[in-house]
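Remarks on the structure that follows.
Values below: every heavy atom of this structure, side chains too, minus hydrogens, waters and symmetry copies.
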Amino acid sequence: MASTLTKPAPPPAAPAALRRRTRVLALPEARWALAALVSFLLGLPPALIGAPAWVWGTLFAATYVAGGWEPAWEGLKALRNKTLDVDLLMVVAALGAAAIGQVLDGALLIVIFATSGALEAVATARTADSVRGLLDLAPATATRLLPDGTEESVATGGLVVGDVVVIRPGERVGADGRVLAGASEVDQATITGEPLPVLKETGDEVFAGTLNGTGALKVEVARDASDSVIARIVRMVEEASETKAPTQLFIEKVERRYSLGMVAATPAVFLIPLAFGSDPTSALLRAMTFMIVASPCAVVLATMPPLLSALANAGRHGVLVKSAVVMERLGQVDAVALDKTGTLTEGTPRVTAVRALTGPDGGEPGRDEGEGEGEGGRVGDASGPGGDDREPDEDRCPAEDRCSAEDLCPAEDRVLALAAAAEHPSEHPLARAVVLAAHARGHRLAPAEEFGSTPGVGVTARVDGDTVEVGAPARLLSGTEDALSLRAATVSAELEAEGHTAVLVRVNGVPAGVLGIADRLRPDATATVAALTRLTGTAPALLTGDNPRAAARLAAEVGITDVRAGLLPQDKVAVVREQERDGRRVLVIGDGVNDAPALAAAHTGIAMGRAGSDLALETADAVIVRDELATVPTVVALSRRARTLVVQNLVVAGVFITGLVLWDLAGTLPLPLGVLGHEGSTVLVGLNGLRLLREAAWRRAAVAATG
C-alpha cells in the first residue's frame, strides 16, 4: 500500500571525524621547517648587503639547527643499522658547504629539505585523517530489536552476528547484514559506486555506512563491526599505502652512491698531495675546490626544476599533483584503469530516452484514429500538460522512432511532462532527473495532488484530474497481460538491455510511456580514452561496481573493451595487483570511497576533485580539481616531457662536474673559476627546467597526448 510521503528526513550531517583535519602546525616537522624558513629569511638580507658575519651567521646557524637536527638524528639512527640514509647525507652536505664558507648555500639546502619533509608529513597526516574518518560513515548507534519486540539503542561496535536492527527512513545502516523484513531503496554508492539507489527487500544484503531511503528495514547482522565492508576498505587503504614500494626520484637513487663517493674522495684529495710533499695550504685549497665543483647542486637542480615547473603548470590547469615524485611517476604509467560513475560519467542520472506507448487519441502510436483506444486517452489531450493545438496526425510518434530526451516527438514530450509533474514532490534521484529533463524542455509542471510513494515501486499522484503512476515496470505491470502492457514490457526490456534504467509512466491505469534514465557520459570521455590508449599503447580497463549492462553500454561508447563490472573495492585492488604482477605500472582514476583502496594500491592514483570523496582525494596522488578528464593524458605527456628535460640537465651537469673535477685533479683550477663553473652549470640547468612553466609547454603536451 502506498504511504503518504512526509517531509524527507534531512541528510545526516557529515561525521565529526570527517570534518577534523590535522592542523599543519600540529606536526613537529612543519613547526621545525617553519622555524628554519623564518631564520633563513631573516638572515638573507644582512648576508646580501654585507652586514657583520655575527648577524647573519647567528640566524643561519639557527636555520641549520631548526631544519637539520631531526633528519640528522634519524640519519644517525639509520647509520647504526648500517644504512646510509639520504637525510644524513643532505645534512652533511650542508655542513660541508658551511665548512668551506658556503654558509648561505648550506642554509638554503636545509630549508628546501626541511620544507619537503614537512609537506610529506602533512600529506601523510591528512590521509590518515580520512582513513580514520571513513569508519564514521557507519553511525555510532543502532536500534536493536529485542526478542520481546522492544527496542534499545546500542553502540554499533557492540552489535554481534545474529542481532536484529531496525533501520528507519533516512538513517545510515549500522552493520553489514541481510534484510529480514521491509523494502527500501538504499544508496550504496560509497561501497559499489552505483549512481542510483538499489532496492533492498527480504534476503538482500546491506552494507554498513550506506544510506537508507524512504522505507523501513529490519536487518539481521551478518558480520562484526571489525569485519564490515567499510572496515575492510580502511584496512585495504592502510595496507596498500604501507606496502607500496617507497618511490624515490631517479636522481636520489644516483645521489646516494654519488654522495658516498664524494665524501670518501674529499679527504683523499687533501691527504694524497700532502703525502707527496705538497704544502698544507695548497692541498687544502685543492680539496676545498674539489668539494665545490664536485658538489651535486647542479645534479639536484637537474631534477627538481623540471618536475616542479611541470607540477606548477598542471596546477594552473586544474590538476593538483601532490609532489615531484608523483609528477615523475605519472610519466612512467603504461596501463590505465578507470572508474565509471563520477569519472567517465558525470555521476548524476539523466533522462536519456522517452518512448510514448499511446498516440494523441489514446491508441497505440502510429495506428489509425479509433483503433486500440483505451482509458488513457487524456495522455494526448491538448489540454493536458505540454499539450498544444496541433492536429492529431501531427502529434503521433511512430513506433519505430527512437526519440532521445533532446529531440522529442510531441507525444513523448507530454509523457515526460506528466511524469515530471507526478515526480515533482519526490526526493528520489530518478525523480530529480525526470523533473530536470522537463524543466529543460520548458514545461510548467501542473501541481501534483494526493501524492504517495512506495519504496521499490514508485510514486502515484493526481495531475489535472488524472491518476499518474511512475515507477518500476516490473512492479507496475505485474499481473497485466493486455497488448499495451506487453508493449510496455518490451520497450522497458529494450532500454534496460541498452544499459538504461527503465521507468514506466501509467495514466489512469493504462501504460502511457517509458523513460530511459542513465548516467551521462562526460563530453571529453571518449577523447580521453583515445589519448590514454595512444600514450600507453593499451586501451584502459573499466572497473566499476555498477551492473554489467550499464558498464558494457558505456564502454562501447568510449572504445573500452576490457570491462570489469559488479566489483567491490577489494575486487578493484585485485585487478590492479594482477596488472602489476604482469609488470605494468597502473594509473587508476576514480572518485569514490570504493575507489580509494585501488588508488592507494596503484602505481599512481588520480581522483576527480569536484565530486570526489574525502578519502579518495586524500589517498590519490593527484586530483583533477575542475573535473576536466581530458587533462589526464595532458599531464601524463607533460610528465614525460619533464623526464626528458631531467635527462638533458643531468647530461649538462655531468659534463660540467666531470670537466671541473678533472681540471682540479690534473692541474690547478683557480677557486674563483671553479665556483663560476659550478654556479654557472647550476643556473643553466635550473633555467632549462623552468621552461615547463610556460603556457606553451601545456599546449605542446596536449598536442602530444592527442597525437
Side-chain angles (χ1 to χ4, degrees), residues 64 68 71-72 74-110 112-113 248-304 646-647 649-686:
Y64 279 79
E74 294 298 324
L76 290 173
K77 289 196 294 185
L79 200 60
R80 290 176 57 187
N81 297 325
K82 301 180 180 180
T83 300
L84 186 57
D85 193 277
V86 69
D87 292 2
L88 182 61
L89 291 177
M90 293 295 288
V91 173
V92 169
L95 293 175
I100 60 172
Q102 305 295 320
V103 179
L104 190 152
D105 290 345
L108 179 60
L109 186 61
I110 287 290
I112 293 173
F113 189 60
Q248 294 176 307
L249 292 171
F250 167 76
I251 192 55
E252 290 179 354
K253 300 173 184 177
V254 177
E255 184 185 7
R256 186 186 296 265
R257 295 179 177 84
Y258 180 86
S259 299
L260 280 172
M262 192 188 75
V263 169
T266 300
V269 173
F270 172 68
L271 295 174
I272 291 176
L274 202 62
F276 282 90
S278 178
D279 66 280
T281 301
S282 298
L284 181 60
L285 183 60
R286 184 185 298 272
M288 290 174 60
T289 304
F290 174 81
M291 282 194 69
I292 291 173
V293 299
S295 173
C297 293
V299 177
V300 172
L301 280 179
T303 298
M304 295 309 293
V646 167
V647 173
N649 284 347
L650 287 175
V651 171
V652 171
V655 168
F656 269 85
I657 290 174
T658 302
L660 293 172
V661 166
L662 290 177
W663 188 352
D664 182 55
L665 295 178
T668 302
L669 174 63
L671 181 59
L673 189 58
V675 171
L676 181 63
H678 174 265
E679 298 301 328
S681 65
T682 302
V683 171
L684 183 61
V685 298

Q | Nearest non-hydrogen partners of V652 and L684, listed with the distance | A |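 Heavy atoms of V652 and L684 come nearest at CG1-CD2, 3.7 Å.
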Q: Mind checking side-chain contact (heavy atoms from CB on, under 4.5 Å) for V647 and listing every partner two or more places apart, or none if nothing turns up?
A: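 With neighbours one apart ignored, the set is empty.
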Q: Please name all residues satisfying side-chain contact (heavy atoms from CB on, under 4.5 Å) with L662, sequence neighbours left out, ordered by chain then number.
A: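 With neighbours one apart ignored, the set is T658.
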